[in-house]
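Labels below follow one simple rule: chain letters A, B, ... track the order of the sequence lines, proteins then strands, and each chain is numbered from 1.
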Amino acid sequence: MTSDHETGSVGRVTPETLSVTTPLALDCGKTLPAYDLVYETYGRLNADRSNAVLICHALSGNHHAAGWHAEDDAKPGWWDKCIGPGKMIDTDRFFVVCVANLGAYNGSTGPGSINPETGRHYGPDFPVLTVADWVRSQDVLREHLGISVWVAIVGGSLGGMQVMQWAIDCPDRLRHAVVIASAPKLSAQNIAFNEIARQAIVTDPEFHAGRYYEAGVVPRRGLMLARMLGHITYLSDEAMRAKFGRDLRAGRINYGFDVEFQVESYLRYQGESFVTRFDANTYLLMTKALDYFDPAYATGGNLADAFAPVTARFMVVSFTSDWRFAPARSKEIVDALVDAGKDVAYAEVESDLGHDDFLLTMPHYVKTLRAYLARAAAEVGA
Amino acid sequence: MNTADTPTRNGLRADLALISEWIKPGTRVLDLGCGNGALMAHLKATKQVRGYGLEIDPDNVIASVAAGVNVLQIDLDEGLAQFEDKSFDYVVMSSAIQEVAAPDALIDDMLRIGHDCIVTFPNFAHWRLRLKLALWGVMPASRALPNRWYDTPNIHLCTVHDFEGLCREKHAEIVRRHFVNHAHRAQAAMRLMPNVLGEIALYQLRDRP
């Protein structure tokens, strides 16, 4: 792996695979008898193995968080803007690990993998997973890498939920929890959006009850609609107005139902390109994990009580233009941590784009996290 | 804090050093308008104090994070309803009361949340300010209040008498008070005529049971 300080890129990276043969018991009651975890690492693990940072990915993410797989890749990893030498998550100081969650597409074991019991694709038989299941599987990778404590676990959106779950379930395994643009549980509105996305997929005639792999087709229309809908919720009204306004592709109204406004063209493009790199069953699984996440469920709805076991320090960040997981949702996390008497810092970053702002590099955002992580690094001599 | 020149004591701004002397070790502190986090970092390092600082300015939030302070980027004007009754030993507000939209509501919250409250503010009835207004007929500025009338963040300036009037109205007990000049030094005469000679006032308040 070569890294380049001038570009701040971790350079060329190659995913690794951990094949686990110890069964994983899941919240749904089922067990995964064996599974693969695909992950990437950036930077170098120090001598006392104390500088490891785990990155938890969101709905459409995977293990490829930074760098390039091949010279002719169109895009680097999904969080390349923030991970690299000298960047917000500085690979000169940290050994950064990102693992594709179980059920994710094109990585760890998921619905598109072959079920050893049947010899067929898992498809709809792949168990419904929870955030806590992912944490248990990530903990298996931690053990494999010989890391006793993560100096920090960092995640945005659904990734932030995994960070919270880690801090609750494995308090001794992390020093710092960085939760970005996340929420302590989904609202009814959030679940409603997910349900429409799922309905778009399962009602696509090419879905074949989740067995479309065997039918040799892809539920393109459903997955595309799901992504188009999701994309609207990731962007702020203001950002869409600024980016597209009411601009017309042909410069005039055509009195028809084909693409006329630029925003329509953009959404179709987003939807179509998503279909080529994502799996419909994975989309269903990821949205279910989001819907189910509610660490306070076990404590009668009291989030502060749910945070009682936490020993990690928290850094919570929200973005003012994010309406999918608005700052008020992050404040619920902060308030509960304060009520539980835990260490927490909170920054509310002025932003324009919306939920996707967490992938970008606004100065206030970068400076805050850089300052926070610099202290974390200093604690472990990294 | 708007003081143009800020004297320090043991590396800590002098008014914060005074506040620090009033805070007992091992307590829980909520610092409203914690600035760069200097007081909270000092209390954590020297008195094993735990707690949080609230701050609205992004650069101050970054500085506080860098100082290892539990800083929460929260606007004091939105109220403090999220904090439980008597959940802190001290609620501190240093030179910020004059900048908030509703000082009276904030004092209510402070008395509710804290066992004790520590409030400091620049006394607008200091003789030098009185003289400037009386003789020159202009909005007075001073080393403790350097801004001009049109660009000042200080929208609710008050005097020692005004503040104690509010305390009476709120049935708050004044546990102790202290007055210093702009260099944060106390002089004997200030105790006799605080509303004329005190430039900066420090109060410790408590909710009367």
Side-chain angles (χ1 to χ4, degrees), chain A residues 88 152 175-180 184 302-305 307 310-320 326-351 362-380, chain B residues 26-41 43-45 48-92 109-110 112-115:
Chain A
M88 187 168 92
R175 298 176 68 94
H176 293 273
V178 180
V179 176
I180 307 165
N302 188 321
L303 189 59
D305 287 350
F307 281 137
V310 167
T311 56
R313 291 197 59 176
F314 268 73
M315 173 82 231
V316 178
V317 182
S318 71
F319 299 92
T320 55
R329 307 307 314 282
S330 284
K331 281 185 191 161
E332 291 173 32
I333 300 168
V334 171
D335 291 347
L337 287 164
V338 169
D339 284 348
K342 306 300 177 184
D343 285 321
V344 53
Y346 170 62
E348 191 172 304
V349 178
E350 196 75 42
S351 77
M362 287 75 72
H364 175 204
Y365 172 42
V366 173
K367 282 184 195 165
T368 304
L369 275 199
R370 200 194 288 274
Y372 187 82
L373 291 172
R375 281 192 72 92
E379 282 171 17
V380 295
Chain B
T27 49
R28 272 171 64 81
V29 175
L30 183 65
D31 184 3
L32 309 182
C34 70
N36 63 10
L39 175 65
M40 289 306 288
L43 291 172
K44 188 176 161 189
Q48 296 77 49
V49 158
R50 287 175 58 90
Y52 309 89
L54 308 193
E55 179 54 49
I56 188 67
D57 176 70
D59 290 330
N60 276 336
V61 170
I62 294 164
S64 294
V65 165
V69 168
N70 287 334
V71 60
L72 310 179
Q73 190 171 357
I74 285 171
D75 186 354
L76 297 180
D77 287 344
E78 286 172 13
L80 302 172
Q82 69 270 41
F83 293 99
E84 304 276 342
D85 294 3
K86 302 296 170 218
S87 52
F88 289 88
D89 297 304
Y90 301 93
V91 182
V92 177
D109 265 336
M110 291 178 74
R112 176 182 64 77
I113 297 163
H115 185 268

Most chain B-contacting option - heavy-atom pairs closer than 4.5 Å, from A/M315, A/K367, A/R313:
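Top option by heavy-atom pairs under 4.5 Å: A/R313.
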
[atom1] of [X] to [atom2] of [Y]: how many Å apart, nearest 0.5 Å?
| X | Y | atom1 | atom2 | answer |
| --- | --- | --- | --- | --- |
| A/S330 | A/D335 | OG | CG | 10.5 Å |
| B/F83 | B/F88 | CZ | CZ | 5.5 Å |
| B/C34 | B/L72 | SG | CG | 8.5 Å |
| B/L54 | A/Y346 | CG | OH | 12.0 Å |
| A/R175 | A/E379 | CZ | CD | 4.5 Å |

For [X], is it the side chain, the backbone, both or neither that has a heavy atom under 4.5 Å from a heavy atom of chain B?
| X | value |
| --- | --- |
| A/L337 | backbone |
| A/D339 | side chain |
| A/A374 | neither |
| A/V334 | side chain |

With a 4.5 Å cut-off on heavy-atom pairs, point out which of B/I74, B/I62, B/D59 contacts chain A the most.
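Looking at each option in turn, the highest pair count goes to B/I62.
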
Contact origin within B/A63 toward chain A - heavy atom pairs under 4.5 Å:
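Contact with chain A is absent: no heavy atom of B/A63 under 4.5 Å.
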
Where on B/V65 is there a heavy atom nearer than 4.5 Å to chain A: the side chain, the backbone, both, or neither?
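Both parts, heavy atoms under 4.5 Å.
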
For B/D89, is there an ion pair with B/R28 - N to carboxylate O distance below 4.0 angstrom?
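Here B/R28 does not pair with B/D89 in a salt bridge, since their nearest N and O are not under 4.0 Å apart.
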
